[in-house]
Amino acid sequence: MTSDNDRRRGLLARLRERPAARSRGRRRLGAAVRLIAALMLAGGAYTVFAPGAQAQDNPQLTGAAAEGKALFDVSCVTCHGRNAQGVEGRGPSLVGVGAASVEFQVSSGRMPMARQEAQAHRKPPVFTDEQTRQLAQYIQELGGGPVVPEGDELREDGNIASGGELFRINCSQCHAFGGGGGALSSGKFAPSLHPATDRQIYAAMLSGPQNMPVFGDNQLRPEQKADIIAYIQETLKHDQDPGGFNLGRYGPSTEGLAIFLVGIVALVFASLWIAGKS
């Protein structure tokens, strides 16, 4: 009798469990359907908005920048890669360097480089001024960066005396007191400033080419940059050396060496003359 009751209770329990199992199955099925619907909705949204995202990755260029891109794809892409992202072992990325860096390197003929060296040398430029501005505009629109102010005369209203003081503090250690340049380590050098234009000097201060540090507006205000340019252009390039032969304008070291050699030779001859007379 007890076993019959147990069988009945087990049968009733199984009958009660079946609706619960069906309910759990329905919930799982509903969750799967909702998940599939959510995935389909996400895929549809991506399909709708993907063209907009692609357009942002490839922004519209202005006319000058488009011309610059055409020049870049012919003359620069081999070393700097597509979209100026750089090629390992050939050339760095140009994204974010700004128009100032491009203007300095291209207008001074340092780019394109003839071959890989420790430092790019100044040479006659390959591109015209207009083409240089187009290349600079293309790089500027790719990633932004420092820009040289408009105009060719950037030393107007510059204070030559203040510029001389700033030059001696910030620039003379590498470019020498006379702006003639000097040797650095690892085959690099600070170039002569004599052939540089106002815009090239300003661009160099903004971009810091080769071993040169960057002098942004936080380090040297725009008016201080104008003072330095005025000193270089009006004093260093036009000084007539009233003291005589300038000995290359390399500073007091060459003058001290010259005085030492002349003095020693004079003393030797004087000693010989005195010995001969006695």
Side-chain angles (χ1 to χ4, degrees), residues 50-154 181 184 186-216 225 229:
Q54 184 176 5
Q56 292 177 0
D57 291 337
N58 299 283
Q60 282 294 115
L61 299 174
T62 62
E67 293 291 338
K69 184 180 187 305
L71 294 169
F72 182 92
D73 291 341
V74 172
S75 303
C76 313
V77 71
T78 303
C79 294
H80 295 289
R82 292 188 59 194
N83 298 322
Q85 294 177 352
V87 177
E88 186 175 358
R90 293 186 181 179
S93 170
L94 300 181
V95 178
V97 302
S101 178
V102 177
E103 183 168 347
F104 173 80
Q105 299 286 356
V106 176
S107 68
S108 63
R110 290 176 169 85
M111 292 292 161
M113 287 184 70
R115 58 185 178 276
Q116 292 291 337
E117 297 180 279
Q119 183 169 324
H121 292 261
R122 186 183 187 98
K123 57 185 183 295
V126 175
F127 298 100
T128 64
D129 291 343
E130 182 179 3
Q131 290 173 329
T132 299
R133 286 193 295 270
Q134 291 169 348
L135 282 168
Q137 185 63 29
Y138 170 59
I139 297 302
Q140 183 66 29
E141 293 187 15
L142 274 184
V147 180
V148 181
E150 294 294 331
D152 294 327
E153 298 290 332
L154 300 181
L184 302 175
S186 303
K188 299 181 180 181
F189 60 92
S192 171
L193 299 177
H194 294 163
T197 65
D198 288 13
R199 294 188 65 83
Q200 289 170 353
I201 297 172
Y202 203 112
M205 287 190 280
L206 286 179
S207 60
Q210 278 82 51
N211 278 5
M212 181 173 172
V214 175
F215 293 99
K225 292 183 175 69
I229 295 173

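Small disclaimer: the values here were computed from a predicted structure and weren't measured.
In this structure, E150 has no salt bridge (charged side-chain N to carboxylate O under 4.0 Å, His left out) partners at least two apart in sequence or on a different chain.
Side-chain atoms of H80 come within 3.5 Å of backbone N or O of P92 as a donor-acceptor pair. No donor-acceptor distance shorter than 3.5 angstrom exists from the side chain of K225 to the backbone of L154, with no hydrogens or angles considered.
Looking at heavy atoms from C-beta onward, Y138 lies out of side-chain contact with L71 at the 4.5 angstrom threshold. Here the side chains of Q134 and F127 are not in contact, with every heavy-atom distance at 4.5 Å or above. Side-chain atoms of T132 and P125, non-hydrogen and from C-beta on, never get closer than 4.5 Å to each other. Contact check for I229 versus M205: side-chain heavy atoms found under the 4.5 Å cut-off.
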Take F72 and I139 through the test side-chain contact (heavy atoms from CB on, under 4.5 Å) and record every step on the way to the result. CA-CA 9 Å; F72 182 92; I139 297 302; 4.2 Å; yes
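Here salt bridge (charged side-chain N to carboxylate O under 4.0 Å, His left out) pairs that include residues 85-110, with residues two or more places apart or in two chains, are E103-R199.
Around the CD atom of E117, the shell of radius 6.0 Å holds more than 12 heavy atoms that belong to other residues, nucleotides or ligands.
Using a cut-off of 4.0 Å between Lys/Arg side-chain N and Asp/Glu carboxylate O, D129 and R133 are scored as not salt-bridged.
For the pair Q137 and T62, the tightest heavy-atom approach, listed with the atom from each and the gap, is CG-OG1, 4.0 Å.
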